[in-house]
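Let me begin by presenting the structure, written as structure tokens, before commenting on it.
Below, each value reflects all heavy atoms present in this structure, side chains not excepted, and no hydrogens, waters or symmetry copies.
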Amino acid sequence: MTSSPHYIPQSDPPLPPWETLPTMYDLPSDNPEEPGLPDDFHFLQPLLLYLTFQPINWNSELVYSAADLNLYYDLQHPLWYKRPDWFGVVGVGKLYKGQDLRLSYVTWQEPANPFVVVELLSPGTEDEDLGTRRESAADKPPSKWEVYERILRIPYYVVFSRYTNELRAFHLVGGHYEPMNLTNGYLLMPEIDLSLGLWQGSFRDIEKLWLRWFTLAGELIPAPTEEAAAATERAIIAEQEATEAKQEATEARQEAAQAKRKAEQLAERLRQLGVNPDELDELL
């Protein structure tokens, strides 16, 4: 981490900003004085979002998401950043320039801004997260709401409170955030064929109400551990069905053999009585 950004001297004609402004290697990647201390929920909830963010209509190699990562947004103030609890991007590789894990997300160095941001309400960050804080002075960083809406123009902004289990979302319409309505309990995002909703269940052996991704039809998108568990369950069921089918086939063969023995015994009895069973078959 570098204390001050490194600038490349300007040329004639001017170089593009991604070649002259600081990169993620130059900018700070943490700030211990920032409000909103991390806790178990702020680790587990973004992790579930990360694991289930699988846009169906995008190549998985061009889907990126991160939690608690510095998001640099202003060319004029390259040290200003926000630190979303979780955000997702489409059209961006998992590695910075295809070769390195990201230290921060520097928008002027990336091909796309975040598509969706999720903030988890905390008592110390609620005013800023919900945009109720007054606008900042010209020399002070703007609020998260202002950054997401006016500067980065992020299409979807979602806010979830674990204290009230209230889910609120906003869609960028005409340059301004408009409240979104739930459709059958889900926040629909047709551009990525996904929806976001609340789910009562166990994640990492913790039973509670979680925020997670679904298909547009409301089908659960499984996390890898859930998918593995489901695959194991399907394998067990398939093995049970195969065993049952094998047992049924064995029983059918046994019944056929028993029927054949009975027929042979009956034919032998008829011969002992002087009746030819073959002729009896012809008469019947």
Side-chain angles (χ1 to χ4, degrees), residues 1-2 5-11 13-31 46-47 49-119 141-142 144-158 169-177 187-196 213 216 221:
M1 187 175 71
T2 306
H6 169 70
Y7 292 95
I8 300 174
Q10 191 58 281
S11 63
L15 293 172
W18 57 84
E19 293 185 16
T20 59
L21 287 170
T23 70
M24 69 175 187
Y25 302 108
D26 307 308
L27 296 165
S29 59
D30 59 3
N31 182 0
L47 177 60
L49 292 171
Y50 172 86
L51 293 173
T52 59
F53 184 62
Q54 303 171 32
I56 298 172
N57 57 348
W58 278 89
N59 183 333
S60 62
E61 295 180 359
L62 293 177
V63 175
Y64 175 77
S65 68
D68 203 29
L69 192 74
N70 283 3
L71 175 64
Y72 289 92
Y73 58 87
D74 194 335
L75 286 168
Q76 305 303 318
H77 302 88
L79 290 179
W80 287 2
Y81 67 88
K82 297 301 176 185
R83 200 175 179 96
D85 289 318
W86 180 90
F87 66 91
V89 196
V90 291
V92 172
K94 298 185 184 302
L95 297 177
Y96 175 68
K97 295 189 174 180
Q99 60 188 4
D100 203 357
L101 294 170
R102 287 177 175 85
L103 303 172
S104 301
Y105 197 89
V106 184
T107 55
W108 56 82
Q109 297 284 338
E110 301 285 358
N113 288 339
F115 178 80
V116 54
V117 167
V118 174
E119 293 289 358
K144 287 181 177 179
W145 181 284
E146 294 173 277
V147 170
Y148 301 159
E149 180 188 52
R150 291 194 298 102
I151 300 176
L152 295 182
R153 301 175 64 83
I154 297 173
Y156 293 94
Y157 178 36
V158 181
F170 306 90
H171 185 203
L172 193 68
V173 179
H176 299 282
Y177 277 141
L187 297 167
L188 304 184
M189 301 184 192
E191 299 93 335
I192 55 173
D193 280 352
L194 292 181
S195 63
L196 196 59
W213 291 99
L216 282 178
I221 294 181

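- Residue pairs meeting the side chain to side chain donor-acceptor pair (under 3.5 Å) criterion with at least one partner in residues 86-96, sequence neighbours excluded, are Y96-Q109.
- The shortest non-hydrogen separation linking P111 to G91 is CG-O, 3.9 Å.
- N70 places none of its side-chain heavy atoms less than 4.5 Å from the side chain of L27.
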For a side chain to side chain contact (heavy atoms under 4.5 Å, CB included) check, start with the C-alpha distance between Y72 and S104, then their side-chain angles and the critical distance, and finish with the verdict. CA-CA 8 Å; Y72 289 92; S104 301; 3.7 Å; yes
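- The distance from atom CG of L152 to atom OH of Y73, rounded to the nearest 0.5 Å, is 8.5 Å.
- The shortest distance between side-chain heavy atoms of E191 and P155 does not fall below 4.5 Å.
- L62 and G93 get closest at one heavy-atom pair: CD2-N, 4.2 Å.
- The aromatic rings of F115 and Y156 sit tilted, their planes meeting at an angle between 30° and 60°.
- Smallest separation of non-hydrogen atoms from W108 and D74: CZ3-O, 3.4 Å.
- Proximity of N57 to I192: side-chain heavy atoms (C-beta onward) are separated by under 4.5 Å at one or more points.
- For N59, the side chain to side chain contact (heavy atoms under 4.5 Å, CB included) test picks out E61, with sequence neighbours left out.
- Of the inter-residue distances, the one linking E149 atom CD with K144 atom NZ reads 15.5 Å to the nearest 0.5 angstrom.
- Contact record, Y50 with S65: CD1-OG, 3.0 Å, taken as the closest heavy-atom pair.
- Using a distance-only test at 3.5 Å, with no hydrogens or angles considered, no donor-acceptor pair links the side chain of D68 to the main chain of R83.
- Counting only heavy atoms from C-beta outward, the side chains of L71 and P114 approach each other to under 4.5 Å.
- Of the inter-residue distances, the one linking Y148 atom OH with K82 atom NZ reads 7.5 Å to the nearest 0.5 angstrom.
- By the 30° and 60° cut-offs, the orientation of the rings of W213 relative to F53 is tilted.
- Listed by chain and residue number, R102 satisfy the salt bridge (Lys or Arg N to Asp or Glu O under 4.0 Å) test with E110 (two or more places apart in sequence, or in another chain).
- A heavy-atom distance below 4.5 Å is not found between the side chains of Y157 and H171.
- Under the 4.5 Å side-chain criterion, counting only non-hydrogen atoms from C-beta, N113 is not in contact with R153.
- Rounded to the nearest 0.5 angstrom, L188 CG and L196 CG are separated by 10.5 Å.
- Residues Y177 and W145 bring their aromatic ring centres within 6.0 Å.
- Between atom CG of residue D85 and atom CG of residue L49 there is a gap of 9.5 Å, rounded to the nearest 0.5 Å.
- For the pair D193/P55, no side-chain contact is recorded, criterion being any heavy-atom separation below 4.5 Å from C-beta on.
- Looking at T107 and Y105, their side chains come closer than 4.5 Å, going by heavy atoms from C-beta outward.
- Between V158 and M189, the shortest heavy-atom distance links the atoms CG2-CE, 4.2 Å.
- Nearest approach of L187 to A169, heavy atoms of both residues: CD1-CB, 3.4 Å.
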